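I have placed the structure first, in the form of structure tokens, so that the comments after it can refer back to it.
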Amino acid sequence: MKTNEIRNKFLKFFEKKSHVIWPSDSLVPQNDPTLLFTGAGMNQFKDMFLGKGNLKFKKATTCQKCLRTGDIDNVGKTASHHTFFEMLGNFSFGDYFKKETIEWAWEFLVQELKIPEERLSVSVYKEDQESYEIWAKHIGVPKPRIYQYGEKDNFWPANAPLLGPNGPCGPCSEIFYDQGEKAGCGRKECEPACDCDRFVEIWNLVFTQYDRTEGGKLVPLPHKNVDTGMGLERMARVIQGVQTNFDIDIFNPIIKSLEEITQLKYNGQIENAMLMRRIADHVKACVFCISDGVLPSNEGRGYVERRLLRRAIRDGTQLGVTDCFLYKLVPVVSNVMQEYYPDIKQRRENIARIVKSEEEKFHETLELGTARLKELMDALQKNRQKFLSGQEAFKLYDTYGFPLDMTESILNEKGFTVDKDGFENELKKQRLQARTSSQMTGQVFDTGPLSKIKDISKGTEFLGYNECACEAKIIALIQGDQLVDKVIAGSEITVILDQTPFYGESGGQIGDTGVLESNGNHVRITDTKKNNDFILHIGKVVKGELRTGSLVHARIDTQRRDSIRKNHSATHILHYVLRKVIGQHAEQAGSLVTPDRLRFDFHHFSGLTKEEILRIEDMVNEIILENVPVAVKELSIQDARNAGAMALFGEKYGELVRMASIGDFSKELCGGTHVNYSGEIGLLRIIGESSVAAGIRRIEAMTGIAALNRYREKERILQEMCDILSTSEDKLIPKAQDLLSELKNLHKEIHKVKQKEIRGKIDSFVENAKEVSGVKIIARKLEDATVDDLRKTIDILMKSAKEMAIVLGTAQDGRVTIVAAISPGLVKRGLHAGAVSKEVAKLVGGGGGGRPDMAQAGGQWVDKLDEALRFATELLSKKLLDGVS
RNA sequence: GGGGACGUAGCUCAGUCCGGGAGAGCGUCUCGUUCGCAACGAGAAGGUCGGGGGUUCGAUUCCCCUCGUCUCCA
């Protein structure tokens with residue numbers, strides 16, 4: 001039985017048991033900032049478990065995309081560890097409980113999948129007698145095959161009663177598949193809890209029936225939930241009777257491609273196989289990440305993805321592949337997964353491009369590291385040492401991303417070794433440091449103010465598609481992170497209403513601004529955000545007060561909203577045109593729609609040419625001028641897809657979606673607000689094109705009056721330029737060029753004149769120089785000179801005699817600058833230009849210093865310069881007479 | 001969330017430790033050599049030393065903040 005078949009059978013089975021087949025959540029959890037990635041089927045139902053969700057059904061079944069990196073070190077080594085995997089599950093939100101759950105699980109395994117009963121064993125929580133009885137009496141599982149374990153194995157979250165976290169929890173019952181004595185440790189008394197491979201856990205049934213409160217007290221929940229999880233790949237392995245998850249049908253083609261790329265044979269036992277398995281796992285994980293909108297980057301989710309890619313690339317080099325190769329696996333993954341994940345197929349070229357560009361980047365990193373390591377080896381050689389210190393190896397790893405095993409093998413080749421213990425020590429230090437300053441709470445369920453609001457309301461109804469004002473009731477007021485009943489004038493506040501015309505920031509469209517009013521009370525709303533199904537009005541009470549439960553008149557700034565609508569519809573047209581002009585791969589990767597401008601990020605591998613930009617701008621404006629109708633309608637996701645609507649990378653859509661179509665051109669799924677006819681946009685001008693990340697470009701544009709104003713402003717500047725240069729527009733450029741070259745010539749002229757002037761002075765300086773024991777002392781003032789002039793003068797003066805001491809000063813812009821120079825012979829005798837300049841500068845209210853032969857100083861008292869220079873002469877004379885040496 | 005490194009000419013980088021003339025190679029342009037190309041020779045243009053603040057007479061250099069890139073840990 002193929003993996004796809006198992007997935008289908010599972011979902012259909014529970015549909016028959018009146019469950020709703022619900023789509024997988026994105027790998028990027030929506031509305032859950034505590035999680036990097038979706039790691040279990042129940043994540044998207046957290047609110048439903050707490051009785052706060054607003055889904056219309058109580059029974060659901062899903063096949064959830066999951067990503068976990070906790071066990072990453074085991075991936076490839078064991079038969080069943082993955083980073084990315086699919087989790088089948090059935091859920092009850094206060095509906096059925098243990099009996100049906102167990103009954104259906106058994107029915108599915110034995111009747112649908114035809115697993116022989118004697119192969120199955122189960123475990124229950126030692127204090128969960130109810131489940132034990134159901135298994136033993138109702139199902140008839142022989143008692144020796146029902147195991148009773150503690151809270152480490154059969155409680156969710158593991159060890160929750162003792163260690164927490166607080167929140168919903170409960171006992172669980174696990175079902176195991178027995179692979180037979182040969183597969184495991186061989187001990188007669190072997191059982192599911194044994195570490196060996198004999199018993200495979202195939203299904204975990206969690207009965208969420210308690211709320212854990214402070215101190216580990218378990219309070220029964222008023223409505224009991226079921227949350228089950230079956231690893232799809234593991235199930236497929238059992239059904240297909242193969243050794244590891246990587247031998248099932250959806251991994252076979254990936255492994256096969258790897259055999260072709262590496263020219264090596266996949267053999268389950270040897271080291272190479274482990275590497276191949278890991279590559280297969282990681283590349284699949286990355287394909288799904290990218291398709292859910294996560295790009296490789298240096299932080300957060302993007303960084304996790306980058307690490308996965310890099311591990312896979314490293315494994316590839318271990319297998320002897322030196323070129324980029326991972327991207328070649330993307331179409332293979334897409335092929336095996338396309339049936340249930342059509343998006344992956346549609347986007348495989350973009351995904352492959354992103355993977356390839358990341359591979360190229362990593363090869364660069366490796367090259368840099370290799371070069372650095374060579375330097376280190378040279379240093380070792382020079383010092384006749386054989387060991388590279390742990391610190392150095394760690395720095396190579398930590399700062400330059402160069403893997404230890406690579407460092408080691410390069411060193412070994414040249415007869416060096418590395419201090420591995422030292423390396424481990426450094427690594428431990430860093431771990432400790434990171435852990436102690438980590439802020440992760442470990443909280444599974446949200447307990448903030450919004451969670452409390454969910455007890456009393458399902459969400460805010462958005463009326464803003466048709467209305468710009470309405471009456472509304474205040475459901476809640478949040479100040480800081482506290483719920484309050486009343487707020488007074490002057491307070492910063494977040495207001496939640498039962499219904500509202502305000503659009504909460506989402507889908508790239510910025511939130512509305514406006515006012516909330518009721519007799520004598522006035523709140524200015526400066527921003528609106530969306531959280532789950534609530535719309536948060538953020539603002540300040542200007543006058544009067546607000547109370548929970550009271551009524552207000554909510555009104556948005558319609559002019560601002562109009563500008564936003566223009567920009568939003570224009571964004572859709574731009575998206576459509578972009579794909580026409582540069583190719584279908586140019587899909588949206590991000591978007592920001594504000595009243596002033598729009599920003600659109602899209603997938604593309606190189607910068608746009610001037611011609612392309614012009615063409616895009618022209619085509620967008622043609623559609624605007626055609627004044628085609630913009631229609632927005634609600635329909636089922638399936639109908640929308642059939643109509644050919646664009647869905648976005650990483651967006652998760654519900655059953656009912658809004659589709660915005662602009663004439664016969666663009667069709668996109670979109671929750672935002674739009675104009676009625678394209679002509680309302682007026683015009684669009686692209687004001688910039690740039691890069692945001694590897695493979696992602698950005699266009700910024702303006703529409704309507706804003707675009708007009710921008711070009712008016714440019715025209716004004718142009719006009720002003722013409723006025724200043726007293727010329728006409730057509731002669732502006734040659735005129736500016738003429739002026740510039742004239743300016744340049746003048747600069748040169750001035751320079752020459754100055755040089756001449758200086759030369760003139762130089763002779764008199766030399767003639768009038770004071771001479772002390774054969775050394776010429778010059779301390780003079782130059783009018784209106786720069787530091788550079790002073791230096792150059794000194795350079796010339798220096799040539800006039802063998803031993804000299806020179807101090808030159810100038811006053812410019814109310815500041816004094818002094819440069820001092822001492823000839824080499826005098827420097828040897830101990831005279832120091834730095835010391836001289838320091839002392840001289842004191843007289844002009846400043847300080848100074850520099851090298852023995854050349855130094856610089858400055859000060860503020862311009863009128864003291866002459867005095868300071870006289871002092872310089874005396875000082876130098878005295879030092880020479882005293883015989884500095 | 002915490003740490004490390006980097007940011008200087010169109011590109012690759014030196015200079016920063018220890019504050020005081022912003023440099024090299026490649027590339028570009030001009031001229032020369034050559035039948036022509038490659039190569040070579042001579043010369044020139046090109047820099048807010050990522051941005052902001054501070055210390056200082058003076059900051060590419062020291063200190064603080066910030067942005068961007070790379071990297072490790074969580």
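By convention in this document, chain letters (A, B, ...) are assigned in the order of the sequence lines, proteins followed by strands, and residues within each chain are numbered from 1. This is a predicted model, so every value here is computed, not measured.
- Contact of A/Asp795 with B/G21 (side chain to base): a donor-acceptor pair of N or O atoms is detected under 3.5 Å.
- Remark: B/G32 base-pairs with B/C40. Criterion, Watson-Crick or G-U wobble with two distances under 3.5 Å.
- Pairing partner, B/A59: none, since no Watson-Crick or wobble contact has both distances short of 3.5 Å.
- Figure legend. B/C49 is base-paired to no nucleotide; pairs are counted as Watson-Crick or G-U wobble with both atom distances under 3.5 Å.
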Atom pairs under 3.5 Å, N or O on each side, protein against nucleotides 3-12 of chain B: can you list them with distances?
from, atom 1, to, atom 2, distance (Å)
B/G3, N2, A/Asp398, OD1, 2.6
B/G3, N2, A/Asp398, OD2, 2.7
B/G4, O2', A/Thr399, OG1, 2.8
B/G4, N2, A/Thr399, O, 3.1

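- Looking at heavy-atom distances under 4.0 Å, A/Arg306 makes contact with sugar-phosphate atoms alone, never a base.
- Among pairs with a residue in residues 841-863 of chain A, those fulfilling salt bridge (charged side-chain N to carboxylate O under 4.0 Å, His left out) read A/Arg851-A/Asp853, at least two apart in sequence or across chains.
- Taking only side-chain atoms of A/Met854, from C-beta outward, the nucleotide of B/C70, B/G21, B/C73 with the closest atom is B/G21.
- Between the CG atom of A/Leu790 and the C1' atom of B/G58 there is a distance of 14 Å, given to the nearest Å.
- Within the shown strands, B/A24 is the pairing partner of B/U12 under the Watson-Crick or G-U definition, both distances less than 3.5 Å.
- The listed nucleotides are B/C70, B/A74, B/G21; the one nearest the side chain of A/Gln856 is B/G21.
- Residue A/Leu396 contributes atom CG, which lies 18 Å from atom P of B/C70 at whole-angstrom precision.
- Neither OP1 nor OP2 of B/G21 sits under 4.0 Å from any side-chain N or O of A/Arg851.
- Under 3.5 Å, the side chains of A/Arg870 and A/Thr873 contain no donor-acceptor pair of N or O atoms.
- Contacts classified as salt bridge (charged side-chain N to carboxylate O under 4.0 Å, His left out) and involving residues 423-433 of chain A (residues at least two apart or in different chains) are given here: A/Glu426-A/Lys429.
- Comparing the P positions of B/A39 and B/C26 gives a spacing of 11 Å, expressed to the nearest Å.
- Of the charged side-chain nitrogens involved, none lies within less than 4.0 Å of a carboxylate oxygen, so that A/Asp71 and A/Lys77 do not count as a salt-bridged pair.
- Nucleotide B/C72 holds its C1' atom 17 Å from the CE atom of A/Met406, rounded to whole Å.
- When each of B/G21, B/C70, B/C73 is scored by its nearest atom to the side-chain atoms of A/Tyr397, the top-ranked nucleotide is B/C73.
- Among the heavy atoms of the strands lying under 4.0 Å from A/Ala857 is at least one base atom, whether or not backbone atoms are also near.
- The partner of B/U69, taking Watson-Crick or G-U wobble pairs whose two distances both stay under 3.5 Å, is B/A5.
- Considering only heavy atoms from C-beta on, A/Ile777 comes within 4.5 Å of A/Leu880 through its side chain.
- Among the atoms of the strands shown, only primed sugar atoms or phosphate atoms (P, OP1, OP2) are found under 4.0 Å from some heavy atom of A/Thr365.
- On the P atoms, B/G41 is 11 Å away from B/G25, given to the nearest whole Å.
- Aromatic ring pairs are classed by plane angle as parallel below 30°, tilted from 30° to 60° and perpendicular above 60°; the pair A/Phe288 and A/Phe84 is parallel.
- In this structure, A/Gly858 reaches the bases: a heavy-atom distance under 4.0 Å links it to at least one base atom across the strands shown.
- At a threshold of 4.0 angstrom between heavy atoms, the contacts of A/Gly849 include nucleobase atoms, whether or not backbone atoms are also involved.
- Using a 4.0 Å heavy-atom distance criterion, A/Arg431 is classed as a sugar-phosphate-only contact.
- In this entry the distance linking CG of A/Asn425 with P of B/C73 reads 16 Å, nearest Å.
- A side-chain contact (heavy atoms from CB on, under 4.5 Å) with A/Leu876 is found for one member of A/Leu826, A/Ile778, A/Ile806, A/Leu831 and no other, namely A/Leu831.
- Residue contacts shown for A/Phe402 are absent, as no nucleic acid heavy atom lies under 4.0 Å away.
- Side-chain atoms of A/Ser409 and A/Asn412 form no donor-acceptor pair, as typed in the model, at a separation below 3.5 Å.
- Atom CG of A/Asp788 is separated from atom P of B/G58 by 19 Å (rounded to the nearest Å).
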